[in-house]
Asker: 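Following this message is one structure expressed as structure tokens.
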Amino acid sequence: MDAPSAARPGQGDVPASVIATRGLTKRYRGGQLAVDGLDLTVPAGSVFGFLGPNGSGKTTTIRMLMGLIEPTAGTARVLGRPMPRSARTVLPQVGALIEGPALYGFLSGRDNLLRYDAADPTADPRTRRARVAAALDRVGLAAAAGKKAKAYSLGMKQRLGLAAALLQPRRLLVLDEPTNGLDPQGMREIRTLIRELAADGTTVFLSSHLLDEIEQVCTHAAVMAQGRLVTQGAVADLAAGARGRLVVSTPDGAETARVLKELGVGDVSADGDRVTGEPPERDLAEVTAALVTAGVRVRGLTVERASLEDAFVALTGEGFDVAG
Ligand SMILES: Nc1ncnc2c1ncn2[C@@H]1O[C@H](COP(=O)(O)OP(=O)(O)OP(=O)(O)O)[C@@H](O)[C@H]1O
Ligand SMILES: [Mg+2]
């Protein structure tokens, strides 16, 4: 994974954390506690993954950060300024893609962007066409730019929403499930784009329910479950916090499983010639010796590095959708 790129000098007063919330809470009118006492710190220059299953409060948090809804309690600072109070100064420096981008279906993708750009009082009309063409090109929509937006697929609409967020250079991009609806090739393109933007010094905050996606593109992550923050930090540190998995490769699966259980190895499961379990406290050499003594043929024995998914399961006791 690439090291987080530092904020570029000369960008002005970018604070060390571009998003900082304290006790941020949202209870919807119906009584649903969607976000519960969230303390989030997003370092400048990071690609920050905001991870959580459906309904865990990601979009609600993002809508509070963008000043679209008022928190019930707590505070949120974006680019060092309080939201929603400073929305007028903060939002022009932030590109956002939030669930279901609003599009005019009867206009082409290009005309949607021209219109969006025209609504920005700081955007120079003389360079509008070039700006729109560059944004369409960046998200891979150049060929479909003339098509009416209502004829766009979900993935194309998502790309158009992303193009709108990219019309201006931004200090911060906030992307709510940016790869939602994209095919694997489209997902790869967006990941590449995110890395490029980060290399240019933009901090990228993206939500996702796909663990492997976060692991591939993010330097930092926060994990949400049921409105609460489970953990946050550098992705490498989060994964290192989990214990990994003992893996024995052997043609004698059943016998291996029996010996491992006798040795006190927890959560043993055998799948063909691969037997896994919790990493044992004792020396791996002892485990190998015990297997060999029992007449088990051992092809390999190792502790596999923990993934972010292992960390998540260890922290919450829950599984996670990792389908890419
Ligand atoms: N406008 C609303 N009124 C009442 N409850 C809401 C509203 N919007 C969201 N909720 C509830 O708040 C909780 C968090 O929803 P939210 O949309 O923030 O989750 P999410 O993490 O973005 O989920 P997903 O991965 O499905 O997008 C859910 O229980 C949801 O039902
Ligand atoms: Mg959401």
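Whatever order the structure lists ligands and atoms in, that order sets their numbers, starting from 1. The analysis underlying the following values was restricted to heavy atoms, covering all of them including side chains, and did not include hydrogens, waters or symmetry mates.
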Asker: In degrees, rounded to 10 degrees, what angle do E99 atom OE2 and T59 atom OG1 make at the Mg ion (ligand 2)?
Answerer: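 Taking the Mg ion (ligand 2) as the apex, the two atoms subtend 90°.
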Asker: Does the protein put a heavy atom less than 4.0 Å from atom 31 (O) of ligand 1?
Answerer: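 No; the ligand atom in question lacks any protein heavy-atom contact below 4.0 Å.
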Asker: What protein heavy atom is closest to atom 26 (O) of ligand 1, reported as residue, atom name and distance in Å?
Answerer: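 Of the protein heavy atoms, N54 ND2, 3.0 Å lies nearest.
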Asker: Salt-bridge test for E177 and K58: reply yes if a basic N is under 4.0 Å from a carboxylate O, no otherwise.
Answerer: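 Yes, charged N to carboxylate O under 4.0 Å.
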Asker: Say whether E177 and ligand 1 are in contact under the criterion: heavy-atom distance to a ligand atom below 4.0 Å.
Answerer: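 E177 counts as a contact of ligand 1 under the 4.0 Å cut-off.
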Asker: Determine whether L182 and R159 make a side-chain contact, defined as any pair of heavy atoms from C-beta on separated by less than 4.5 Å.
Answerer: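 Yes, their side chains come closer than 4.5 Å.
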Asker: Once rounded to the nearest 0.5 Å, what's the spacing between atom CG of L172 and atom CD of Q93?
Answerer: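 Reported to 0.5 Å precision, the distance equals 9.5 Å.
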Asker: CD of Q216 to CZ of R195: how many Å apart, nearest 0.5 Å?
Answerer: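 Separation between the atoms: 6.5 Å.
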Asker: Note the single closest protein heavy atom to atom 23 (O) of ligand 1, along with its residue, its atom name and the distance in Å.
Answerer: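 Minimum-distance protein heavy atom for atom 23 (O) of ligand 1 reads G55 N, 2.7 Å.
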Asker: Could you list the atoms of ligand 1 found under 4.0 angstrom from a heavy atom of A34?
Answerer: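 Every atom of ligand 1 under 4.0 Å from some heavy atom of A34: 12 (O), 13 (C), 14 (C).
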Asker: Please check atom 11 (C) of ligand 1 for a protein heavy-atom neighbour under 4.0 Å.
Answerer: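 Yes, there is one.
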Asker: Look at atom 1 (N) of ligand 1 and say which protein heavy atom is nearest, naming residue and atom and giving the distance to 0.1 Å.
Answerer: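 Residue, atom and distance for the closest contact: Y28 CE2, 3.7 Å.
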Asker: Determine, using heavy atoms of H209 and all atoms of ligand 1, whether some pair is separated by less than 4.0 Å.
Answerer: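 No, H209 has no heavy atom closer than 4.0 Å to ligand 1.
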Asker: Starting at CZ of R77, measure out to CG of L65 and round the result to the nearest 0.5 Å.
Answerer: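 Nearest 0.5 Å value for the CZ-CG distance: 13.0 Å.
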Asker: List the closest protein heavy-atom neighbour of atom 17 (O) of ligand 1: residue, atom name, distance to the nearest 0.1 Å.
Answerer: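 Closest protein heavy atom to atom 17 (O) of ligand 1: T59 CB, 3.8 Å.
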Asker: Before giving the answer on salt bridge (Lys or Arg N to Asp or Glu O under 4.0 Å), spell out for R245 and D267 the whole-Å C-alpha distance, their side-chain angles and the decisive distance to 0.1 Å.
Answerer: CA-CA 10 Å; R245 214 54 204 156; D267 191 27; 3.0 Å; yes
Asker: What part of K58, side chain, backbone, both or neither, has a heavy atom within less than 4.0 angstrom of ligand 1?
Answerer: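 Looking at K58 and ligand 1, atoms from backbone and side chain both fall under 4.0 Å.
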Asker: Please check whether R63 reaches ligand 1 - meaning an N/O of the residue sits under 3.5 Å from an N/O of the ligand, judged on distance alone.
Answerer: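 Between R63 and ligand 1 (N or O atoms, distance only) the closest approach is not under 3.5 Å.
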Asker: OG1 of T41 to CZ of F48: how many Å apart, nearest 0.5 Å?
Answerer: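 One finds 7.5 Å between OG1 of T41 and CZ of F48.
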Asker: Near Y28 OH, under 6.0 Å, is it more than 12 heavy atoms from other residues, nucleotides or ligands?
Answerer: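 Atom OH in Y28 is packed in, count exceeds 12.
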Asker: Hey, does G30 sit under 4.0 Å from ligand 1 if you only count heavy atoms?
Answerer: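 In this structure, G30 fails to qualify as a contact of ligand 1 - no heavy atom is under 4.0 Å.
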Asker: Distance under 4.0 Å to a non-hydrogen atom of E99: what atoms of ligand 1 satisfy this?
Answerer: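 Once the distances to E99 are compared, the set is 27 (O).
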Asker: Who's the nearest protein heavy-atom neighbour of atom 18 (O) of ligand 1, and how far?
Answerer: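 I find the closest protein heavy atom is T60 OG1, 2.5 Å.
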Asker: Other residues, nucleotides and ligands only: do more than 12 of their heavy atoms fall within 6.0 Å of CG on D124?
Answerer: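 Yes, the 6.0 Å shell around CG holds more than 12 heavy atoms from other groups.
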Asker: State the OG1-CE distance between T75 and M64, to the nearest 0.5 angstrom.
Answerer: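 CE of M64 is found 11.0 Å from OG1 of T75.
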Asker: Which is closest to atom 19 (O) of ligand 1 by heavy-atom distance: G57, G31, G52?
Answerer: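 Among G57, G31, G52, the closest heavy atom to atom 19 (O) of ligand 1 comes from G57.
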Asker: To the nearest 0.5 angstrom, please state how far the NZ atom of K26 sits from the CZ atom of R63.
Answerer: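 These two atoms lie 8.5 Å from each other.
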Asker: Of the side chain and backbone of M224, name the one, both, or neither that has a heavy atom under 4.0 Å from an atom of ligand 1.
Answerer: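 Neither; no heavy atom under 4.0 Å.
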